[in-house]
Asker: 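Please read through the structure below; I'll follow up with questions.
The sequence lines fix the lettering, A, B, ..., with proteins before strands; numbering per chain opens at 1. Just so it is clear, the model here is predicted, and its values are computed rather than measured.
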There are 2 protein chains.
Amino acid sequence: MVTIGEIARAAGVSISTVSKSLNGYKEISDQTRNRVKKIAEQMGYTPNAAAQSLVLKRANTIGIVYEVESGLKNLFFAAVLESFRKHIQSKGYDILLLSNNTESKLDYLKHSHSKNVDAVLVISTDESYEAVKKLFNSDLAVLSLDPKEAIHNTIYSDSYSAIRKSCNYLYELGHRKIAFINGSYQNFIGLERLRGYLDFMKEKGLEPLYLKNRSNESYTFHEGYQTMKALFEAYGLPDAVCTVSDLMAMGAIQFFNNHGYHVPKDVSIIGFDDLDICEITTPQLTTIRQDYEEIGLRASEALIEMLDKHIRMLEPIVIDTKIVVRDSCLKNTKY
Amino acid sequence: MVTIGEIARAAGVSISTVSKSLNGYKEISDQTRNRVKKIAEQMGYTPNAAAQSLVLKRANTIGIVYEVESGLKNLFFAAVLESFRKHIQSKGYDILLLSNNTESKLDYLKHSHSKNVDAVLVISTDESYEAVKKLFNSDLAVLSLDPKEAIHNTIYSDSYSAIRKSCNYLYELGHRKIAFINGSYQNFIGLERLRGYLDFMKEKGLEPLYLKNRSNESYTFHEGYQTMKALFEAYGLPDAVCTVSDLMAMGAIQFFNNHGYHVPKDVSIIGFDDLDICEITTPQLTTIRQDYEEIGLRASEALIEMLDKHIRMLEPIVIDTKIVVRDSCLKNTKY
DNA sequence: TTGAAAGCGCTAACAA
DNA sequence: TTGTTAGCGCTTTCAA
């Protein structure tokens with residue numbers, strides 16, 4: 001590793017002149033600056049991030065926190081994170097994975113401070129919500145993707161309208177017995193989705209078919225299967241099922257397959273997320289698309305804005321969704 | 001952020017005594033060390049990683065490099081990375097995502113040096129293989145998951161035997177017309193899988209049904225679909241299809257669905273990877289399981305060993321696979 | 001326009 | 001057993 005000291009010697013100038021040249025200070029003459037820059041280039045100089053970080057008190061690094069069990073294997077998070085990474089890195093920031101399942105080390109704030117992390121993207125929170133709260137109450141720039149409450153510094157898809165869109169699509173296909181596979185009753189997004197469903201059903205004068213007492217926390221295939229089973233036992237065969245995740249929708253489809261019903265002929269099912277795998281199942285899944293690319297982009301912009309403008313409070317950022325029609329919903333011909 | 005200087009003042013000792021106490025030097029008396037530790041604890045001390053990194057010339061950080069288009073969305077990488085992260089973090093290392101699509105910044109080595117990264121896990125390499133080669137030729141501890149050549153410092157599933165296992169399973173079910181959906185002809189793993197197939201078919205005196213001139217680089221659903229199409233056009237309906245990825249297997253299934261054939265009744269298909277989604281498709285996919293957990297664990301152990309023992313050269317680490325039987329293969333009743 | 005020097009927080013060699 | 005101090009590579013204030 002070549003240092004600015006060696007460049008200084010090679011160029012016959014002082015260390016501070018090199019530093020200023022490299023950092024584009026205008027007080028250095030063009031001639032000197034260009035010469036220094038060229039020499040640095042030739043010598044293959046790369047700044048020592050630790051040294052910079054030590055004096056500047058920032059590391060141009062964004063921390064990522066997630067606590068969902070599946071971790072990186074969660075397709076929704078992976079999609080958002082991939083977009084976020086692309087955009088934030090193009091602005092010169094690196095990404096540090098902060099999550100740790102290690103016993104005592106659940107203190108994200110300490111970890112972030114220790115590593116001089118500038119900002120943190122909280123992808124999902126579970127048990128240790130306290131540790132995340134400490135992040136929010138700190139001096140760090142923080143943004144959360146999956147808030148437990150509708151607080152500031154959050155970014156998410158407009159779930160309420162999304163579910164209404166979803167239900168309305170089924171409604172317009174002629175379905176009336178529309179069951180709902182719910183998500184979490186413990187966090188904001190999950191409750192928003194429920195609210196969307198209940199409001200829609202009420203407005204149309206339809207009876208809501210859902211499970212009041214079953215909160216689903218992981219949005220998995222298995223949860224979808226079990227919830228569909230319970231719904232079926234409670235209400236019989238619906239015309240259509242509105243769900244809060246693609247995997248849950250696929251679980252529901254599996255349930256119907258196993259019980260002699262055909263999707264979409266006997267029952268229509270709509271997902272939520274638009275994961276890549278929607279196209280590889282049979283039937284291909286009609287679903288609500290979350291705009292991962294946009295979420296990642298806006299998250300990166302928001303964090304950078306907070307950093308640049310030294311603000312720490314941000315209104316919630318709400319991203320629009322759209323319906324993606326594939327093969328899992330059909331016109332109702334029963335009535 | 002409290003510093004060791006403040007602790008020193010609070011404890012009435014010198015800075016170096018604090019440093020040595022905190023780092024467990026035995027030359028400090030138990031009494032002093034414990035007192036210092038307790039005070040540090042009370043004051044909420046966390047070491048400044050940048051300062052440590054600057055003097056120690058390492059950052060307890062492992063860099064991750066990947067260049068595959070899908071990035072984190074690649075289910076295989078996500079699974080390995082999640083396991084790797086878990087294990088490496090339990091040893092006190094952090095993970096820094098080094099990949100960048102930014103124009104000039106493809107120099108992983110410089111980036112690693114700049115960030116004082118101790119070791120690098122190369123998850124996949126594409127175009128910029130040169131940049132990766134520079135990593136291998138550097139002083140860093142490097143391990144690659146998806147080597148282009150069978151070189152040192154690599155870790156991968158035993159693909160040759162895996163495919164033989166796979167073919168043999170189909171063979172023992174009575175299938176003889178066994179087609180092969182190949183992967184890359186440009187890298188080691190892909191060629192190993194082909195070799196496994198060809199050797200097996202030769203030993204059994206069967207005609208290999210595969211595409212000599214079609215190298216598949218991305219192992220996607222779409223590639224699987226297209227390859228199956230070409231195979232079908234070249235050889236007609238096979239008894240069974242051996243594939244090199246679950247997604248390709250699903251692409252093949254889709255192809256058969258679209259052309260009026262039923263999997264597994266008309267044709268058996270076996271995947272490779274054992275992604276989570278194998279269980280959510282219909283039929284559930286019989287496949288070869290790559291032991292992600294083990295790969296991540298062994299990768300972390302290998303890297304740490306290289307760091308601790310100051311070695312940089314490691315024999316290839318080969319991980320065993322096993323077959324996971326689900327519903328996509330059936331006994332052949334044709335003959 | 002350039003340079004000298006202090007200092008960021010820490011480790012470790014050396015001195016006491 | 002503890003303390004003093006140099007120095008890691010860099011930025012930035014202040015002086016020249």
Asker: To the nearest angstrom, how far is B:Ile15 atom CD1 from C:dA13 atom C1'?
Answerer: 16 Å

Asker: What I'd like to find out is whether the side chain of B:Thr154 reaches to under 4.5 Å of the side chain of B:Leu145, using heavy atoms alone.
Answerer: no

Asker: So, is B:Thr3 close to the C:dG9 phosphate, meaning a side-chain N or O under 4.0 Å from OP1 or OP2?
Answerer: no

Asker: When the distance from NZ of B:Lys115 to P of D:dG9 is rounded to whole Å, what number comes out?
Answerer: 17 Å

Asker: Aromatic ring centroids of A:Phe76 and A:Tyr292 under 6.0 Å?
Answerer: yes

Asker: Nearest whole angstrom, please: distance from the C1' of D:dC8 to the NE2 of B:His113.
Answerer: 16 Å

Asker: Should B:Ser112 and B:Leu135 count as side-chain neighbours, where that means a heavy-atom distance under 4.5 Å?
Answerer: yes

Asker: Nearest 0.5 Å please: distance from the CD1 atom of A:Ile7 over to the CD atom of A:Gln42.
Answerer: 10.5 Å

Asker: Which residues pass the side chain to side chain donor-acceptor pair (under 3.5 Å) test with B:Arg33, sequence neighbours left out?
Answerer: B:Asp30

Asker: Given side chains that start at C-beta, do those of A:Leu72 and A:Leu81 come closer than 4.5 Å, heavy atoms only?
Answerer: yes

Asker: What is the distance, to the nearest angstrom, from the CD1 atom on B:Ile4 to the C1' atom on C:dT11?
Answerer: 8 Å

Asker: Between residues 19-34 of chain A and DNA chain C, which residues have a heavy-atom gap below 4.0 Å?
Answerer: A:Lys20, A:Glu27, A:Ile28, A:Ser29, A:Thr32

Asker: Can you check the B:Arg9 CZ to D:dG3 P distance for me, whole Å?
Answerer: 14 Å

Asker: Working to the nearest 0.5 angstrom, can you tell me the gap between A:Ser83 OG and A:Ile295 CD1?
Answerer: 8.5 Å

Asker: Side chains of A:Asn187 and A:Asp146: donor-acceptor distance under 3.5 Å anywhere?
Answerer: yes

Asker: Regarding C:dA4, can its base be found pairing with the side chain of A:Ser16 as donor and acceptor, where the two atoms are less than 3.5 Å apart?
Answerer: yes

Asker: Measure the distance from CD1 on B:Ile7 to P on C:dG9 and round it to the nearest whole Å.
Answerer: 12 Å

Asker: Using a strict heavy-atom distance below 4.0 Å, which residues from residues 37-62 of chain B are in contact with DNA chain D?
Answerer: B:Leu54, B:Val55, B:Lys57

Asker: So that I know where these two stand, are A:Phe188 and A:Tyr156 an aromatic pair - ring centroids less than 6.0 Å apart?
Answerer: yes

Asker: Among D:dC10, C:dT2, C:dA5, which is the nearest nucleotide to the side chain of A:Thr17?
Answerer: C:dT2

